[in-house]
Amino acid sequence: MNEQKISLLMEALPYIKKFKGKTFVIKYGGSIMKNENSKKAFIEDVALMNLVGINVIIVHGGGPYISKFLNKLDVESNFIDGLRVTDKETMEAVEMILSAKINKEIASKLCSHDISAIGISGRDSNLIKAKKKYIFKDNKKIDIGYVGEVVSINKKLLLDLIENNHLPVISPIGCDLEGNIYNVNADYAASSISSCLKAEKLILLTDVKGIYKDLNDESTFISSINTEKIKEYIKSGIIKGGMIPKLECCIDALESGTKNIHLIDGRREHSILLEIFTNEGMGTMIEGGNKNGN
């Protein structure tokens with residue numbers, strides 16, 4: 001048993017050396033937040049990465065919490081193409097849950113590990129400038145309310161925080177020049193931030209192991225893939241449904257400066273450490289162009 005532990009530590013050593021001083025952006029959210037063991041393991045993984053010298057930025061969602069809160073208010077949650085239809089009343093609830101509850105909870109748990117975590121909203125210092133997003137279906141323009149898409153990221157603010165050894169925890173709330181507030185999809189917020197910083201890695205915690213050719217067949221799991229192959233699979237219908245917008249987001253990130261991306265099942269305890277610091281990994285790694293993963 002001791003030999004196995006030593007072997008794992010030695011396996012991690014070259015990765016620790018390689019990634020020291022690099023920036024990782026992690027998108028955290030979904031059903032992972034409802035599992036106390038997974039939440040605890042996530043905080044521990046982030047703490048360890050921070051302590052070995054990796055610059056970590058967390059962008060979090062909170063859909064289940066928002067839906068639960070709205071349900072208490074007898075407000076129905078409606079989604080179009082995976083995006084929450086957000087009127088003014090809903091937007092107020094979204095900001096309260098994301099920026100006040102979830103954001104501060106994550107930051108405080110990291111602080112308990114002696115990490116200087118700073119919980120901030122995308123509205124702070126215009127961190128996330130956004131504009132109103134519309135959906136187009138059957139050549140019709142659909143207004144989904146206060147849902148935004150990223151226009152720009154305040155890179156200087158993030159670099160200042162990192163250089164002063166702070167770990168930013170970001171709620172994906174954006175605003176425009178007129179002061180309108182928008183709910184920004186956390187995947188796209190994380191993607192924009194990682195691209196802006198040319199991050200070494202963008203890690204998307206999901207509710208599945210990664211990418212499959214057939215979700216019902218474990219043997220079709222894909223451990224590494226490039227963007228050209230993803231485009232091919234989307235076009236041929238191998239990749240379909242809710243995975244398409246997530247992977248299109250990944251393609252945008254890689255084409256805009258992110259080095260590589262990992263899709264990991266966040267429900268598995270310590271999945272981040274296993275993916276980043278072991279040879280075998282446990283999720284899907286995505287690289288740009290025609291490069292092969294490892």
Side-chain angles (χ1 to χ4, degrees), residues 1 5 8 12 24-52 54-73 75 77 79 82 84 93-122 166-173 183-187 189-190 201-210 215 218 242-243 246 262-278 280-284:
M1 190 65 180
K5 289 179 180 177
L8 282 171
F24 289 11
V25 178
I26 303 174
K27 184 266 178 168
Y28 170 64
S31 63
I32 308 156
M33 291 180 157
K34 297 187 285 187
N35 184 307
E36 289 303 319
N37 290 333
S38 297
K39 285 166 65 176
K40 182 174 180 291
F42 168 74
I43 295 296
E44 290 170 346
D45 286 4
V46 172
L48 192 146
M49 285 191 289
N50 179 268
L51 292 168
V52 299
I54 296 171
N55 302 318
V56 179
I57 295 173
I58 297 170
V59 180
H60 65 83
Y65 286 90
I66 295 166
S67 295
K68 184 178 178 181
F69 183 78
L70 291 173
N71 188 49
K72 287 181 180 179
L73 299 176
V75 176
S77 292
F79 295 86
R84 184 185 299 274
V94 166
E95 182 168 31
M96 182 176 70
I97 296 296
L98 290 178
S99 298
K101 183 185 188 304
I102 298 172
N103 186 269
K104 303 311 174 188
E105 181 182 289
I106 297 169
S108 65
K109 285 183 177 178
L110 285 167
C111 288
S112 70
H113 288 274
D114 295 325
I115 291 168
S116 179
I118 304 289
I120 55 177
S121 161
H166 298 305
L167 190 159
V169 179
I170 301 165
S171 66
I173 303 294
N183 181 17
V184 178
N185 177 277
D187 284 344
K201 294 187 184 295
L202 169 61
I203 299 171
L204 301 177
L205 298 180
T206 70
D207 293 339
V208 293
K209 184 178 176 181
L215 264 175
E218 179 63 30
M243 188 59 81
K246 189 176 288 288
H262 297 259
L263 266 60
I264 308 172
D265 187 349
R267 300 168 301 177
R268 293 280 301 276
E269 292 176 32
H270 302 296
S271 56
I272 299 176
L273 296 186
L274 290 168
E275 174 70 7
I276 302 302
F277 293 134
T278 66
E280 186 175 345
M282 65 172 299
T284 298

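Taking the side chain as every heavy atom from C-beta outward, Ile115 and Val46 never approach each other to under 4.5 Å. Val169 is not listed as a side-chain neighbour of Lys109, based on a closest heavy-atom distance of 4.5 Å or more. Contact of the Met49 side chain with the Leu273 side chain is registered, since non-hydrogen atoms from C-beta on lie closer than 4.5 Å. Within the 4.5 Å cutoff, the side chain of Asn71 has no heavy atoms near those of the Ser77 side chain. Contact of the Ile272 side chain with the Phe24 side chain is not registered, since no non-hydrogen atoms from C-beta on lie closer than 4.5 Å. Between Val208 and Met243 there is a side-chain heavy-atom pair separated by less than 4.5 Å. Considering only heavy atoms from C-beta on, Asn50 stays 4.5 Å or farther from His113 through its side chain. Counting heavy atoms from C-beta outward, Thr206 and Lys246 have side chains that approach closer than 4.5 Å.
Here the CG atom belonging to Leu204 is positioned 11.0 Å from the OG1 atom belonging to Thr284, to the nearest 0.5 angstrom. Rounded to the nearest 0.5 Å, atoms OG (Ser108) and CG (Asn103) are 9.5 Å apart. Between atom CG of residue Leu205 and atom NZ of residue Lys27 there is a gap of 8.0 Å, rounded to the nearest 0.5 Å.
For Lys104, there are no side chain to side chain contact (heavy atoms under 4.5 Å, CB included) partners two or more places apart in sequence or in a different chain.
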Asp187 vs Val59, side-chain contact (heavy atoms from CB on, under 4.5 Å): CA-CA, chis, key distance, verdict: CA-CA 8 Å; Asp187 284 344; Val59 180; over 6 Å; no

query: Val94 and Ile173: side-chain contact (heavy atoms from CB on, under 4.5 Å), yes or no, with the steps?
result: CA-CA 9 Å; Val94 166; Ile173 303 294; 4.1 Å; yes

- request: Output, in order, the C-alpha distance, side-chain angles, deciding distance and verdict of side-chain contact (heavy atoms from CB on, under 4.5 Å) for Met96 and Phe69.
  value: CA-CA 10 Å; Met96 182 176 70; Phe69 183 78; 3.1 Å; yes

- prompt: Can you list the steps and then say if Ile54 with Lys201 is a side-chain contact (heavy atoms from CB on, under 4.5 Å)?
  reply: CA-CA 11 Å; Ile54 296 171; Lys201 294 187 184 295; over 6 Å; no

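For the residue pair Ala189 and Val184, the shortest heavy atom distance occurs at CB-CG1, 4.1 Å. Among all heavy-atom pairs drawn from Gly122 and Ile170, the shortest one is N-CG2, 4.4 Å.
Salt bridge annotation for Lys39-Glu105: present, with a cationic side-chain nitrogen under 4.0 angstrom from a carboxylate oxygen. Ion pairing of Glu44 with Lys40 is present here, as a side-chain N (NZ or NE/NH1/NH2) and a carboxylate O approach within less than 4.0 Å.
Sorted by first and then second residue, the ring pair (Phe, Tyr, Trp, His ring centres under 6.0 Å) pairs involving residues 26-51 (not counting sequence neighbours) are Tyr28-Phe42.
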